[in-house]
Amino acid sequence: METETATRWLTNAEQCAWRTQLEVNRLLTYQLERDLQPFGLTMNDYEILVNLSEAEGVRLRMSDLAAATLQSKSRLSHQITRMENADLVRRENCESDRRGLYAVLTEHGMETMRKVAPHHVASVRRHFMDLLSPEALEELHKTLTPIAEHLRGQRGKP
């Protein structure tokens, strides 16, 4: 037998915090995207370049890259095709698994990272970091860590 439970509506304080978080997330993403446009990159492009530049051998299996960037394999495949056309990445076969593919950062992709990263970091500072005191940043980190841990644990669950 199904039991109905009362909806726990958000309090005014909870609703304000929730809506502010949503607005900050959208506005910050929008601004960071705008700041990457002069380089012909999207936030997804940049995230892929960062993941590959930090990976051993500047390469990741496509499935691992999809998981790291929270993209479906199909969406990532389209993204990688676009990035291949810009000579930022290339695909390589996985010798240990004939069905597996690697995304590999090209030299042009690495040069692009070196050129764009300082501008992106300046944008992150200007629109986020420099607006908060060191104490507020520390508190924000403490506050968001349990949420991030919870959400990481939910990945792949229905």
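All heavy atoms count here, side chains included; hydrogens, waters and symmetry mates do not.
The closest side-chain heavy-atom distance from L52 to V104 is not below 4.5 Å. Residues N51 and L65 meet the side-chain proximity criterion, which asks for heavy atoms closer than 4.5 Å. Within the 4.5 Å cutoff, side-chain heavy atoms of Q21 are placed close to those of N25. Taking 4.5 Å as the limit, some side-chain heavy atom of L41 sits within range of a side-chain heavy atom of L88.
In summary, E135 and K142 do not engage in a salt bridge, as defined by a charged side-chain N under 4.0 Å from a carboxylate O. With respect to E23 and R19, no salt bridge is recorded, no charged nitrogen being found less than 4.0 Å from a carboxylate O. We find that R82 and E84 are not joined by a salt bridge, their nearest charged nitrogen and carboxylate oxygen being 4.0 Å or further apart.
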> Please walk me through it: do Y102 and M62 pass side chain to side chain contact (heavy atoms under 4.5 Å, CB included)?
Replying inline: CA-CA 5 Å; Y102 285 103; M62 290 285 284; over 6 Å; no
> Taking it one step at a time, do L49 and L105 satisfy side chain to side chain contact (heavy atoms under 4.5 Å, CB included)?
Replying inline: CA-CA 7 Å; L49 292 176; L105 189 64; 3.4 Å; yes
> Going through the checks in order, is the side chain to side chain contact (heavy atoms under 4.5 Å, CB included) test met by H141 and E138?
Replying inline: CA-CA 5 Å; H141 181 257; E138 185 178 334; 5.8 Å; no
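E33 places a side-chain N or O within 3.5 Å of a backbone atom of M43 that can act as its donor or acceptor partner. The main-chain N or O of L32 is never found under 3.5 Å from a side-chain atom of S123 such that the two would form a donor-acceptor pair. The backbone N or O of V50 sits less than 3.5 Å from a side-chain atom of S53, completing a donor-acceptor pair. Under the 3.5 Å distance criterion, the side-chain polar atoms of T69 are left unmatched by any main-chain donor or acceptor of I48.
More than 12 heavy-atom neighbours from other residues, nucleotides or ligands sit within 6.0 angstrom of CZ on R126.
Paired with D35 under the rule side-chain hydrogen bond (donor to acceptor under 3.5 Å, both in side chains), one option of H120, H119, H127 passes, and it is H127.
Considering every non-hydrogen atom in both K73 and S63, the closest pair reads CE-CB, 4.0 Å.
Side-chain contact, S77 with R91: a donor N or O sits under 3.5 Å from an acceptor N or O.
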